[in-house]
**Student:** 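Handing you this structure, nothing more for now.
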Amino acid sequence: MAADTGNGTEDLRELITRARVVLWDFDGPICRLFAGHSAEGVAEGLVKWLEGRGLHGLLTEYERESLDPHVVLRAVDRRHPGSDLVTELEERLTQEELKATATAMPTAWADPLIRTLVALKLRLAITTNNSPRVATTYLEGRGLTDCFTPHIYGRTQELRHLKPHPHCLNRALRDMGSAPETALMIGDTPSDFLAASEAGVPFLGYARNERKEKLLRGTGATTVVNSLEAVLAAVRAP
C-alpha cells in the first residue's frame, strides 16, 4: 500500500493546496542519513569518547544505552550547558554526520517531490536537528541545493532549541515571511510533530514502517503517509 492518510486523500490534498511554504525535516523525509553509517555506532563512539575523558558518570545508564547520538548530546548539554565539552562533542557528532552523507540513502520519491514543489512555486526550507552543514553537503550531492538555499535551519550551539522546541521552524517562518497556517511541515518523528504543533504549522507525517507510524499517531499526528509517492500524486493531481 502506498499510503495511509488518516482521514483519507482529501486530508492530504487539503494540506498541500493550502501550503505556500513546505518545511522539511532532513533525516527521514529527504534521506536515511545513517543508512550506511550506523547512528548506533556513532552514539557508542560519543559515549566511549566521554569515558576516555573520565566522564563515564556524566550519563545515566539509559543515556549510555540509548544508541541515539542526540540523546547523548542533549544529556551532556543539560549538565554542562554552553561548555567547551558540549562544543567539542557537538563537532564530533557533526563530523560523523558528514561522513554519513557519503552513504545516505535518498528517500523514495523525495527528489521528484522536491523538484515538483519548486516547479509549482512553493518555497522550501529544511528544519532539522542535524547540522546544517550536513544537510547542505547532502543536497549538493543530489543537485538540490537551489531548491532550499538559503533556508536551511539546523542544529546550533543552543542545543535547548533542538526539536521538539519550535525554534528552527519559527526561524524559517520568520525569514521566509510566512504565516504558520500557510506552511506545511513534513516530518517523521514525534519531535517533528510537537515542534510543528507548537509553531502552529500543519503537519504531514512520513512513516517508512509501522513502528514509526504508531509513534507519530500516538503523539497526535492524523495525516500520515507510508510513501511520498502519495504526496507526489496529490501534488500532480489537477
Side-chain angles (χ1 to χ4, degrees), residues 24-107 110 126-139 141 152-168 187-195 205-216 218-219:
W24 289 74
D25 180 42
F26 172 65
D27 184 10
I30 292 179
C31 69
R32 286 179 61 192
L33 179 59
F34 291 104
H37 186 67
S38 164
E40 291 84 357
V42 172
E44 289 174 352
L46 295 179
V47 171
K48 288 179 180 178
W49 181 78
L50 288 169
E51 291 175 348
R53 295 174 63 107
L55 298 171
H56 178 273
L58 196 60
L59 302 175
T60 65
E61 182 177 356
Y62 163 76
E63 290 160 352
R64 285 193 297 271
E65 297 178 357
S66 68
L67 302 180
D68 183 338
H70 280 117
V71 168
V72 177
L73 185 61
R74 287 177 197 259
V76 176
D77 182 64
R78 280 196 301 272
R79 282 142 205 162
H80 295 280
S83 65
D84 290 344
L85 174 64
V86 172
T87 298
E88 190 169 352
L89 191 66
E90 192 278 330
E91 180 59 26
R92 293 182 73 87
L93 174 54
T94 295
Q95 291 303 318
E96 293 294 340
E97 290 175 338
L98 286 168
K99 289 179 188 176
T101 61
T103 52
M105 181 181 296
T107 298
I126 287 179
T127 50
T128 177
N129 281 350
N130 298 112
S131 166
R133 291 153 57 190
V134 173
T136 299
T137 298
Y138 175 83
L139 294 173
I152 298 175
Y153 305 91
R155 189 172 63 237
T156 70
Q157 293 299 317
E158 294 289 336
L159 298 180
R160 61 192 175 85
H161 286 156
L162 292 175
K163 290 177 289 184
H165 195 289
H167 177 72
C168 62
D188 73 327
T189 65
S191 65
D192 291 328
F193 172 76
L194 292 171
Y206 165 68
R208 64 182 176 85
N209 56 40
E210 186 177 343
R211 180 185 69 83
K212 282 188 168 286
E213 181 173 348
K214 284 183 177 178
L215 287 172
L216 284 171
T219 311

**Student:** Ion pair present between Asp188 and Arg208, side-chain N to carboxylate O less than 4.0 angstrom?
**Tutor:**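 Answer for the salt bridge query: no.
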**Student:** Hey, does Leu50 have a side-chain heavy atom less than 4.5 Å from the side chain of Leu85?
**Tutor:**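 Contact flag for Leu85/Leu50 side chains = yes.
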**Student:** For the pair His165 and His161, name the ring-plane relationship: parallel under 30°, tilted 30 to 60°, perpendicular over 60°.
**Tutor:**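 Tilted.
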**Student:** Taking all non-hydrogen atoms of both residues, which atom of Arg74 and which atom of Asn129 are closest, and how far apart?
**Tutor:**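 Scanning both residues, the minimum pair turns out to be NH2-ND2, 3.4 Å.
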**Student:** Heavy atoms, side chains only, cut-off 4.5 Å: are Thr128 and Ile30 in contact?
**Tutor:**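 Heavy-atom side-chain distance check fails, nothing below 4.5 Å.
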**Student:** What is the distance from atom CG of Asn130 to atom CG of Asp27, rounded to the nearest 0.5 Å?
**Tutor:**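 With rounding to 0.5 Å, CG (Asn130) is 5.0 Å from CG (Asp27).
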**Student:** What I want to find out is whether Lys48 reaches Glu51 closely enough, with some N-O distance under 4.0 Å, to be called a salt bridge.
**Tutor:**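 Looking at Glu51 together with Lys48, the answer is no, because their closest N to O distance does not fall below 4.0 Å.
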**Student:** To the nearest 0.5 angstrom, please state how far the CD atom of Glu61 sits from the OG atom of Ser66.
**Tutor:**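 Reported to 0.5 Å precision, the distance equals 11.5 Å.
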**Student:** Less than 4.5 Å apart, any side-chain heavy atom of Leu46 and any of Leu73?
**Tutor:**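 They are not in side-chain contact.
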**Student:** Rounded to the nearest 0.5 Å, what separates atom OG1 in Thr137 from atom NZ in Lys99?
**Tutor:**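 Taking OG1 in Thr137 and NZ in Lys99, the distance rounds to 14.0 Å.
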**Student:** With rounding to the nearest 0.5 angstrom, report the CG to CD distance, Asn209 to Glu213.
**Tutor:**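 Atom-to-atom, Asn209:CG and Glu213:CD are 9.0 Å apart.
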**Student:** Apply side chain to side chain contact (heavy atoms under 4.5 Å, CB included) to the pair Arg78 and Leu159, showing each step before the final yes or no.
**Tutor:** CA-CA 9 Å; Arg78 280 196 301 272; Leu159 298 180; over 6 Å; no
**Student:** Side chains of Asp84 and Thr87: is there a donor and an acceptor less than 3.5 Å apart?
**Tutor:**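 Asp84 vs Thr87: no donor-acceptor pair found between side chains.
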**Student:** Write down the atom of Pro69, the atom of Leu93, and the distance for their closest heavy-atom approach.
**Tutor:**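 Nearest pair, atom of Pro69 first, then Leu93: CB-CD1, 3.7 Å.
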**Student:** Quick one: does Arg155's side chain get under 4.5 Å of His70's, heavy atoms only?
**Tutor:**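 Yes. Closest side-chain heavy atoms under 4.5 Å.
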**Student:** Could you tell me whether the side chains of Thr94 and Glu90 share a donor-acceptor contact shorter than 3.5 Å?
**Tutor:**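 Checked: Thr94/Glu90 side chains pair up, N/O donor to acceptor below 3.5 Å.
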**Student:** Let's go through Leu55 and Val76 carefully: what are the C-alpha distance in whole Å and the side-chain angles of both, what is the deciding distance for side chain to side chain contact (heavy atoms under 4.5 Å, CB included) to 0.1 Å, and is it a yes or a no?
**Tutor:** CA-CA 10 Å; Leu55 298 171; Val76 176; over 6 Å; no
**Student:** We want to know whether Glu40 and Ser38 form a side-chain donor-acceptor pair, criterion being a heavy-atom distance below 3.5 angstrom.
**Tutor:**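 Glu40 vs Ser38: donor-acceptor pair found between side chains.
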**Student:** What closest approach, in Å, do Ala135 and Ile126 show between heavy atoms, and which atom pair accounts for it?
**Tutor:**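 Closest heavy-atom pair between Ala135 and Ile126: CB-CD1, 4.2 Å.
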**Student:** Identify the two heavy atoms, one from Lys212 and one from Ala207, that lie closest to each other, and give their separation to 0.1 Å.
**Tutor:**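 Between these two residues, the closest heavy atoms are C-CB, 3.9 Å.
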**Student:** Go through it in stages, so that I can follow the logic: the residues are Thr189 and Leu194, the test is side chain to side chain contact (heavy atoms under 4.5 Å, CB included), and I'd like the CA-CA distance, side-chain angles, deciding distance and then a yes or no.
**Tutor:** CA-CA 9 Å; Thr189 65; Leu194 292 171; over 6 Å; no
**Student:** Would you call Lys163 and Asp192 a salt bridge, taking side-chain N to carboxylate O under 4.0 Å as the test?
**Tutor:**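 Judged by the 4.0 Å cut-off on N to carboxylate O distance, Lys163 and Asp192 do form a salt bridge.
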**Student:** Could you measure the distance from the CD atom of Glu97 to the CD atom of Gln95? Nearest 0.5 Å is fine.
**Tutor:**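 One finds 10.0 Å between CD of Glu97 and CD of Gln95.
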**Student:** Which heavy-atom pair separates Leu59 from Ala75 by the least distance, and what is that distance?
**Tutor:**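 Heavy atoms only, the tightest pair is CD2-CB, 3.7 Å.
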**Student:** Identify the heavy atoms of Cys31 and Ala104 that sit nearest to each other, and give their distance.
**Tutor:**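 In terms of heavy atoms, the two residues are closest at SG-CB, 4.2 Å.
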**Student:** Show, in sequence, the C-alpha distance, side-chain angles and deciding distance for Thr101 and Val134, and conclude whether the side chain to side chain contact (heavy atoms under 4.5 Å, CB included) test is met.
**Tutor:** CA-CA 7 Å; Thr101 61; Val134 173; 3.6 Å; yes
**Student:** Any salt bridge between Glu96 and Arg92, counting N to O under 4.0 Å?
**Tutor:**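 Here Glu96 does not pair with Arg92 in a salt bridge, since their nearest N and O are not under 4.0 Å apart.
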**Student:** Working to the nearest 0.5 Å, report the span between CG of Leu216 and NZ of Lys214.
**Tutor:**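 Here the rounded value is 13.0 Å.
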**Student:** Do the side chains of Leu33 and Phe26 get nearer than 4.5 Å, heavy atoms only?
**Tutor:**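 In contact.
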